[in-house]
**Q** 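My structure is below; once you've seen it, I'll send some questions.
Position 1 is the first residue of the sequence, and the numbers go up from there. As the structure lists them, so they are numbered: ligands from 1, and atoms in each ligand from 1.
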Amino acid sequence: MGRIAEVLINIAAKGINKPFSYLLPDEFGFLSVGWRVLVPFGPRQLEGFVMNVTAGDTSGLKPIFDVLDSSVWFNDNMLKTAEWISDYYLCTLAEAMRLFIPGKSGIKAQTHYRIHEAVDAPQVIAHLSAKADFQRQLFEYLKGNGPTNITVLKKKFGPHSLPALQQLLRKKLIVADYTATARLRAKYKSVVELAISPDAAAIAAARLSGKPAQLRLFFALLAKGSLEHSDLAQIKASRATVKALVQAGIAVIRQVQVIRNTYNEKQSVPANITLTAEQQQAVAKISSAIKSQRFHSFLLHGITGSGKTQVYIEAVALVRQNNRQAIVLVPEIALTSQIVFRFRSRFGDDVVVIHSKLSAGERADAWQRLHYQQAGIVIGARSAIFAPLFDIGIIIIDEEHEFTYKQEETPRYHTLAVAMTRARMADAIVVMGSATPSVETYYNALQHKHTLLPMINRINHSALPQVQVVDMREELRAGRRSVLSAPLKELLNETFSRQEQAIILLNRRGYSTFVLCRECGHVMRCPHCSTSLVYHAAGNYLRCHYCQWTEQVPDVCPACRSRYIRYFGTGTQKLEEEFRQQWPYIRMIRMDQDTTGKKMSHHKILAAFAKGSYDVLLGTQMVAKGHDIDNVTAVGIISADTALNLPDFRAAEQTFDLLTQAAGRAGRGIKPGRVVVQTYNPDHYAVQTGAMQDYLSFYKTEISYRHDLGYPPFGQLIKFTIVSSDENISCRQAALTAEELRSGLDDLPNIEIIGPFKAPIAKINDMYRMQLLIKSPGMDIVKTRLNHMDIVSRSNIIIDVDPVNVM
Ligand code: ADP
Ligand code: ZN
Ligand code: ZN
């Protein structure tokens with residue numbers, strides 16, 4: 001008989017979804033549910049999570065090898081949230097739990113122990129010596145020697161020092177300070193850079209012909225200038241390929257210093273802000289929920305510029321006064337330096353910022369600071385919802401309608417749903433904010449699932465901009481073929497003449513330029529995906545935006561050998577040319593995926609634009625998001641329809657959001673703003689209500705369509721994607737899966753199983769994709785059934801619960 005720990009191994013394999021038993025050695029006797037440990041697993045040592053501790057026959061069991069933290073990692077609300085994710089999103093518990101740990105593998109903490117400042121040491125020693133002599137020895141040692149590393153203590157006092165230290169910690173007589181060993185590492189990283197001048201590019205390219213991997217790397221270098229490790233992984237460039245280019249003298253490897261704190265701006269203390277009446281009302285309601293320390297959720301529906309961020313700040317301040325912690329979620333951290341800046345200037349180092357460009361060490365460092373309560377506020381994109389906070393008081397979700405809150409890889413969770421669950425488990429409150437709430441959230445607020453907090457006035461009562469809808473069919477009829485309509489040109493002329501600034505917006509999908517043969521209509525397509533390749537003028541190459549395949553533009557059509565190859569589409573680059581012709585003197589800056597590969601370059605572009613170094617900011621919809629520049633008085637939307645034409649039930653909502661958010665960028669200061677929206681569908685309700693920024697009218701029309709069609713919030717969806725490298729196999733398996741689903745779920749009322757059908761993008765990265773949809777007003781029983789079918793553990797089936805797009 002001995003003690004046994006049930007350990008769930010942190011590996012992705014879907015088949016291994018149960019804990020394994022390990023012997024719990026005496027020295028780790030303090031372990032309980034939620035600790036991270038290192039265990040032998042086959043020939044390897046892997047990270048695992050303790051799920052249970054029991055007594056029993058330990059013969060034949062391998063012992064736990066080591067402990068990864070100096071306190072339990074998963075607290076109750078993290079464990080329960082993980083369990084909920086695994087049930088709700090039909091993934092394994094390990095997949096759900098690994099969302100909560102820093103990095104994909106365990107990073108060991110360096111812990112120092114010291115005596116608690118507040119204790120009366122002589123009294124403690126006297127008290128301990130009667131009952132716990134070993135603990136007293138440790139305490140006395142710490143008192144005499146100051147903060148001491150765990151390794152030193154173990155050497156001096158033996159393995160049993162760990163459980164004794166745990167007891168001292170529990171009695172709050174000593175404190176554990178964490179220092180990441182990673183803090184000292186990774187100060188430098190290597191990057192690959194181009195070693196030749198762009199003028200020599202053609203010659204270099206010729207030398208590389210017949211070496212596709214090297215060519216691909218070369219084109220990527222041409223486009224970006226320098227590539228870091230993650231970029232190389234993305235374009236699948238191997239070490240050997242890099243080495244070959246270096247040996248050919250085309251590339252060099254350089255060590256560059258990693259700048260740790262990207263947001264280290266000078267901190268200014270903000271002028272004392274007096275809240276507006278609307279802000280006061282919102283803060284008052286949120287405050288009373290905070291004080292009650294019970295779960296409650298709010299929807300802060302405030303038009304752009306109504307001062308939502310200030311409400312978040314006040315709420316967080318109150319939560320911090322109560323010594324609880326805060327999670328602040330933003331759609332894309334790179335675009336939100338303003339919110340970070342405002343939180344930093346109010347809360348200083350109490351704020352930890354998490355973004356995707358952090359190294360594994362930096363990320364671990366940030367999470368450990370939160371875990372050990374060295375910081376109280378985390379700001380980040382969706383993954384920050386899993387931050388290991390000790391005691392959550394509030395979760396804020398800014399721009400709650402944004403689709404980036406949905407994770408598009410397994411487990412395909414939606415941040416809002418996870419936040420609601422985690423807050424409920426932690427007795428915390430949720431504040432969701434948006435000018436254009438998602439139809440589902442707004443519906444839930446009207447159903448009293450969230451308390452609705454409206455803010456209908458802009459700070460300083462600056463007027464909402466005037467929006468003009470331009471019918472592009474009319475333009476065409478009038479013989480004007482320019483990308484810029486006459487009204488937009490006029491608006492820009494006026495804006496530039498007043499030395500004011502403009503933002504021009506192209507929808508992300510609208511800026512692609514395809515290469516098309518005029519003779520036979522052949523479009524250059526990706527050989528690995530069923531999509532067309534996108535032309536990049538900067539390096540004169542073609543790239544697939546799904547798998548990053550890159551190739552040169554052909555001289556003749558591969559299908560008919562014709563020389564009449566044309567570029568087709570309204571690219572940003574093409575738009576830039578029109579601008580140059582029309583206004584040769586204006587200064588223009590572009591922001592899209594091509595220009596924003598490097599760390600914080602969004603932030604730099606925005607900062608330069610805000611300073612007035614440029615007259616026009618041109619880009620995809622990322623330029624439409626939360627920045628606040630007084631001198632921007634004009635916004636042009638080149639094509640409002642691109643999103644509308646998508647075969648997706650959320651297309652109208654996306655269009656409405658785009659229009660409203662974009663319009664919200666104009667006239668944030670004292671000067672009035674104007675917006676021109678170009679469209680081929682001027683009568684569509686999303687365009688009309690978007691132009692008027694009339695959320696309620698949009699909502700009413702949209703919700704009635706959703707109701708009639710049984711789409712969310714009235715129905716729920718689960719999407720299955722069956723993938724295979726063989727087209728026939730994918731079809732056959734999809735048919736089989738459909739049969740299995742039909743026979744397993746057939747008897748349930750109100751359930752619809754749609755498909756199988758070819759995915760709208762039928763092939764990505766050489767994998768063929770078939771889809772199936774389940775649609776039903778309620779999914780609880782469906783999920784219970786599915787969890788007992790082996791469909792959920794098949795590695796070639798991707799399951800998406802509540803998909804945000806049905807493509
Ligand atoms: P939203 O997030 O709703 O678009 P913001 O929170 O960014 O709005 O506020 C818009 C602007 O108004 C910001 O520059 C902010 O500093 C300022 N502001 C917010 N609240 C107040 C207030 N009570 N008094 C004065 N200025 C305010
Ligand atoms: Zn052709
Ligand atoms: Zn591709």
**Q** Decide whether the shortest distance between a heavy atom of Ile303 and an atom of ligand 1 is less than 4.0 Å.
**A** yes
**Q** From Asp800 CG over to Thr410 OG1, what is the distance, rounded to the nearest 0.5 angstrom?
**A** 8.0 Å
**Q** Heavy-atom contact under 4.0 Å between Gly302 and ligand 1?
**A** no
**Q** Per the side-chain contact (heavy atoms from CB on, under 4.5 Å) rule, which among Ile429, Leu318, Val319 passes with Ile286?
**A** Ile429
**Q** Is the distance between the ring centroids of Tyr614 and Phe609 under 6.0 Å?
**A** no
**Q** Less than 3.5 Å apart, any donor N or O on the side chain of His528 or Asn765 sitting next to an acceptor on the other?
**A** no
**Q** Look at ligand 1 and say whether Arg342 reaches it with a heavy atom at a distance under 4.0 Å.
**A** yes
**Q** Can you sort out which atoms of ligand 1 are near Thr274, meaning under 4.0 Å from one of its heavy atoms?
**A** 22 (C), 23 (N), 24 (N)
**Q** Look up atom CG in Leu452 and atom OH in Tyr442, then write down how far apart they are to the nearest 0.5 Å.
**A** 5.0 Å
**Q** Please list, in number order, the atoms of ligand 1 under 4.0 Å from a heavy atom of Ile273.
**A** 21 (C), 22 (C), 23 (N), 24 (N)
**Q** Against heavy atoms of Thr304, which atoms of ligand 1 measure under 4.0 Å?
**A** 4 (O)
**Q** Can you tell me how far OH of Tyr695 sits from CD1 of Ile456, rounded to the nearest 0.5 angstrom?
**A** 15.5 Å
**Q** With respect to atom 25 (C) of ligand 1, which of Ile459, Leu300, Thr309 exhibits the smallest heavy-atom separation?
**A** Ile459
**Q** Report whether any nitrogen, oxygen or sulfur of Cys526 sits less than 2.8 Å from the Zn ion (ligand 3) (N, O or S, backbone or side chain).
**A** yes
